[in-house]
**Student:** 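Dropping the structure in here first, questions after.
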Amino acid sequence: MATGAGGGGELKLLGTWASPFVQRVRLALNLKGLAYEFIEEEIGGGKSELLLASNPVHKKVPVLLHRGNPICESQVIVQYLDDAFPGAGGDLLPSDPYARAVARFWAAYIDAEFFAPWNRSFYTASEGEKAAEMGKAMAALATIEGAFAAEMSKGKGFFSGEDRPGFVDVVLGGFVGSMRAYGAAVGVEVLDAGRTPLLVAWAERVAALDAARGVIPDVERVVELSRSVAKKK
Ligand SMILES: N[C@@H](CCC(=O)N[C@@H](CS)C(=O)NCC(=O)O)C(=O)O
């Protein structure tokens with residue numbers, strides 16, 4: 001798949017297989033047909049000198065190195081790929097400025113209003129706060145489902161409004177593995193056929209993409225990782 005531009009060591013990605021933000025970037029690279037070297041970081045164990053030097057502000061993955069230049073923050077990286085490799089495998093953002101703004105709005109919404117409370121729900125000890133944060137994340141997903149139906153998909157299978165995924169698909173697509181694993185581990189489905197039927201079907205389509213092979217992890221692998229992390233706490 002990754003045979004096009006970007007080969008010859010031009011693109012390197014620092015990441016971990018389990019990170020949804022890294023998966024987001026890998027989906028984008030694969031959809032654009034860009035070859036890259038994946039450098040697995042040991043986030044739990046000591047971060048590499050290369051990661052610390054490449055992302056001294058946040059010290060987080062993913063970091064894309066393009067001819068040695070570091071680009072940080074997954075949404076920034078995905079947009080950079082369109083800028084640096086226009087047309088390669090099809091652009092992820094639409095060309096129309098208004099449609100681009102709409103896509104960026106929903107991508108920002110996904111991280112701020114869905115991921116952030118969902119993530120906080122893992123780290124709060126209080127059961128009441130956990131439920132409140134989970135409620136906020138679920139409400140955001142219902143809003144995202146509404147946007148998919150009303151203004152984005154245009155009756156097609158993806159947020160891009162086309163038969164192939166675009167920017168918002170990649171941004172939410174990075175969470176598909178974690179959402180599925182959460183259902184298996186906790187017994188509460190994040191994407192639920194009753195509440196968000198369109199997103200359930202959308203997630204199936206994303207997981208079935210060639211670009212997702214080897215990127216969106218198996219449920220068992222994520223569940224096993226979360227159990228081993230929980231044991232160490
Ligand atoms: N906003 C960042 C989030 C990246 C992020 O949270 N990365 C996590 C892995 S999922 C990380 O590197 N954590 C290590 C740490 O916090 O020290 C993005 O979109 O790239």
Side-chain angles (χ1 to χ4, degrees), residues 11-32 34 36-66 69-84 92-93 103-124 133 136-137 140 144 159 165-182 185 190 206 212 214-219 221-230 232-233:
L11 289 171
K12 296 182 202 287
L13 180 66
L14 309 186
T16 60
W17 66 266
S19 163
F21 302 102
V22 173
Q23 289 164 37
R24 176 183 278 182
V25 173
R26 297 183 83 187
L27 285 173
L29 284 159
N30 288 348
L31 284 167
K32 289 181 73 71
L34 298 169
Y36 64 99
E37 181 188 347
F38 185 56
I39 303 175
E40 182 86 33
E41 283 284 326
E42 291 291 336
I43 291 296
K47 295 172 183 174
S48 74
E49 285 304 317
L50 182 57
L51 174 59
L52 297 175
S54 306
N55 190 355
V57 174
H58 294 304
K59 304 176 179 63
K60 289 186 179 190
V61 292
V63 175
L64 182 77
L65 296 165
H66 184 198
N69 290 323
I71 302 109
C72 305
E73 288 293 310
S74 59
Q75 290 204 21
V76 174
I77 297 171
V78 174
Q79 295 182 61
Y80 175 82
L81 290 173
D82 263 1
D83 290 342
L92 294 165
L93 276 157
R104 287 175 171 138
F105 172 87
W106 285 111
Y109 182 89
I110 286 165
D111 279 2
E113 309 298 336
F114 162 62
F115 173 71
W118 187 33
N119 191 44
R120 282 195 298 269
S121 79
F122 294 120
Y123 296 102
T124 170
E133 295 296 353
K136 284 183 209 163
I144 295 164
F159 283 93
F167 184 55
V168 179
D169 297 287
V170 160
V171 167
L172 190 60
F175 294 119
V176 165
S178 310
M179 290 195 277
R180 289 178 160 185
Y182 189 87
V190 179
V206 170
V215 172
I216 294 184
D218 293 340
V219 166
R221 198 175 179 201
V222 184
V223 170
E224 201 175 299
L225 176 74
S226 63
R227 289 205 178 117
S228 72
V229 170
K232 283 181 196 153
K233 273 186 189 170

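Remember, it's 1-based here, ligands and their atoms both numbered in the order they're listed. What you see is a predicted model, and the numbers here were worked out from it, not measured in a lab.
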**Student:** Test: salt bridge (Lys or Arg N to Asp or Glu O under 4.0 Å). Region: residues 37-57. Which pairs qualify, not counting sequence neighbours?
**Tutor:**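 Qualifying pairs: Lys12-Glu37.
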**Student:** Using heavy atoms and a cut-off under 4.0 Å, could you grab the residues that are in contact with ligand 1, chain by chain, numbers ascending?
**Tutor:** Ser19, Phe21, Ile43, Lys47, Lys60, Val61, Pro62, Glu73, Ser74
**Student:** For Phe38, which residues count as a ring pair (Phe, Tyr, Trp, His ring centres under 6.0 Å) partner, sequence neighbours excluded?
**Tutor:** none
**Student:** Can you tell me if Asp82 uses its side chain to pair, donor with acceptor, with the backbone of Gln79 under 3.5 Å?
**Tutor:** no
**Student:** Quick check on the 6.0 Å ring-centre criterion: do Tyr182 and Phe175 meet it?
**Tutor:**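 Not close enough - the centres of the two rings lie 6.0 Å or further apart.
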**Student:** What pairs of residues pass the salt bridge (Lys or Arg N to Asp or Glu O under 4.0 Å) test when at least one of them lies in residues 113-124, not counting sequence neighbours?
**Tutor:** Arg120-Glu133
**Student:** Is the distance from the ring center of Tyr109 to that of Phe115 below 6.0 Å?
**Tutor:**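 Centroid distance Tyr109-Phe115: not below 6.0 Å, so no.
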